[in-house]
Amino acid sequence: MPKIKIDGVEMEVPAGITILQACELAGLEIPRFCYHERLSIAGNCRMCLVEVKPGPPKPQASCALPVADKQEIFTTTPMVQKARKGVMEFLLINHPLDCPICDQGGECDLQDQAMGYGFDRSRFHENKRAVPDKELGPLVKTSMNRCIHCTRCIRFATEVAGVEELGATGRGESMEVTTYVEHALSTELSGNLVDLCPVGALTSKPYAFEARSWELTKTESIDVLDALGSNIRIDTRGAQVMRVLPRMDDDINEEWISDKTRHAIDGLRYQRLDRPYVRKAGKLVEASWDEAFGTIAEKLGKLEGGKIAAIAGDQCDAESMVALKDLMAALGSPSVDCRQDGAKLDGPRGSYIFNPGIRGIDQADAILLVGTNPRLEAPVLNARIRKRYLHGGRTAIGSIGPVADLTYPVERLGAGPATLAELVEGKLGFFEKLKAAKNPLIIVGMGALAREDGAAVLALARDLADKLGAVRDDWNGFAVLHTAAARVGGLDLGLVPGPGGRDVEGILAGCEKGEIAAVYLLAADEIDAKRLGKAFVIYQGHHGDAGAHRADVILPGAAYTEKPGTYVNTEGRVQLAFRAAYPPGDAREDWAILRALSERLGKTLPYDTLDQVRSRLVAVNRTFAAIDQQAAGHWGSFGTPGKPSDQQFVSPIRNFYMTCPISRSSRTMAECTASRAQLMAAE
């Protein structure tokens, strides 16, 4: 390890790191604009200048210079100070005086560093340059006069998002950051460009002129619009969610979030359920909580448990699901299911989680995708696969499933279960690549499991993992990629049919035949509501979506930003979300509604506080005691051996921007949908 001196302090640093990184290890803050930890080094802003001896008698760019043994580095000498002030003066030559109206104000790197290195007057008397704004779609607003050519946006689009649609034209003062062909960016990660931009050249279009950062209350939470469990920060003003930003978590989302996570939050304002409703004479009319509970008690009191069923939705917190399970058990109903899409998952924990963990992708040296399009199902995870491809010596990636541009080269093996069966038998060349890999990774998606032969496909995938030796003490390369944030938590809690119970398909079929007389939908909107027949439907949720339209009684619940909740992501990591705002009107937390209803039904649940509910979670499954830890899954027998159908795998997500009641209510997501349709039509 090289020994260096930084400002007279001797220290030992890892070989191969840059001087800027060494200075950060020493606790020194080096100003920078172009450098970013997760992007390639550009070295073009020159703000990070330091003095290095031995070396040339001029300041050096610390971001691009590797450390060497016996180097002396100086960060505060008069030469360094003068150089940084000179760079800042040049950067501000053409920068417009937009601070009072710029959305980046208060969070602007240029603004902050100008306070430390800026000059109090301008010596430039010529006209400032003018650059036309660019159209990057409905999410990113451009003010290119402010651009300082740091090229962070270009490097992110190319390296992380995998869409080479941004670049630079011209040289010197004539340089412009632009799209090669003028159209909206075709990536599901475009909102991250705004976070990366160190000035106000790229800002959030939906958030434009809405609020200043110091007006907002900031709450750390978890995203539930997909199963990744991205760490987010929810910024609110009063009762309104103004924006969602990413939090850094190297194990899950690094520092990126998808456009849906970031911008679907305006859907929280529209089509909300804010009071109970009861259907009278064919119409839903407003009611009190007492009247709604009375209607439910009157109906359920006449039914035996076998005629009652419950379905939990894709965004339910674990607290509400355990309360639902306990209530159904008290009513004598074995028909409870959390698998709205009919996924054939009901085995040991190792059969339904992303066993290697999301960070485990960084160790995989051969990857097989089965029935999944991760670009639509989990864009941030897809970016991690791309990162592994780029930095893992061009990792071999094969796909059995729908044809899609995943932003990295994929070897197309086939489209259905027959191809998977051939791979298990070793008949395909890609089998040898998987067999030769030290850490093979098999990612199975809901496109392969949420079908009638899903159990047979699951058994094939398990056989393949065993044949490859992908499951060992030091590595488990069997990974299930979920699309529903509530799915793993529901399976951990046992929200699957008990003895004699029905799954979702059985419940719907029972409703059609009149064998199920009452159905409790806990924010379940992704089922075919037309198949509920004449059953008495209780819908508890936060949006007037498909379930609410069919309901006989509506109980208004809270959205994920409006309640504390426990969620388990696709890798089996238990995470806590926190309340950022309060639910509208008479809406209440979901577990509290179920607790109050149980008392009215004469089946009082044994908990009165959130802490008591969480104690119940731990009693049901010890996994819930390990917060923010990925608990290993038991590996046992699962799946049902048999011959699967010839039907091709199809991704469960066709429109990335509208997958749940919140995103379907979002005007921003509607604009994104229209923009993407226009882009595809043009292609």
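One is the number of the first residue; the rest follow in order along the sequence.
- For the atom pair T561 OG1 and D223 CG, the distance stands at 11.0 Å (nearest 0.5 Å).
- A donor-acceptor pair under 3.5 Å is absent between the side-chain atoms of Q575 and the main chain of Y567, judged by distance alone.
- The side-chain contact (heavy atoms from CB on, under 4.5 Å) test applied to T236 returns T217, I234, V241, A580, A581, not counting sequence neighbours.
- Within the 4.5 Å cutoff, side-chain heavy atoms of Q240 are placed close to those of R269.
- Without hydrogens or angle criteria, R375 side chain to A404 main chain gives no donor-acceptor distance under 3.5 Å.
- Between the side chain of D525 and the main chain of G547, a donor-acceptor pair closer than 3.5 Å is present.
- Residues forming a ring pair (Phe, Tyr, Trp, His ring centres under 6.0 Å) with F156 (at least two apart in sequence, or on another chain): W256.
- In terms of heavy-atom proximity, V244 sits nearest to I257 at O-CD1, 4.0 Å.
- Using a 4.0 Å cut-off between charged side-chain N and carboxylate O, R386 and E159 make no salt bridge.
- Using modelled atom types, one side-chain atom of E377 and one backbone atom of N373 make a donor-acceptor pair closer than 3.5 Å.
- One distance of note links CZ of F90 with NZ of K85; it measures 15.5 Å at 0.5 Å rounding.
- The shortest side-chain heavy-atom distance between I385 and R388 does not fall under the 4.5 Å cut-off.
- The cationic group of R123 lies under 6.0 Å from the six-membered ring centre of F119 and within 45° of the ring axis, placing it in a cation-pi geometry.
- Legend: residues meeting side-chain hydrogen bond (donor to acceptor under 3.5 Å, both in side chains) with R155, ordered by chain and number and at least two apart, are T151.
- Salt bridge R247/D249: absent, no basic N to carboxylate O contact under 4.0 Å.
- For the pair R676 and Y657, the cation-pi test (distance below 6.0 Å, angle within 45°) is failed.
- Under the 4.0 Å criterion applied to side-chain N and carboxylate O atoms, R272 and E562 are assigned as salt-bridge partners.
- Inter-residue side-chain proximity for V177 and T142 is flagged as unmet; no heavy-atom pair is nearer than 4.5 Å.
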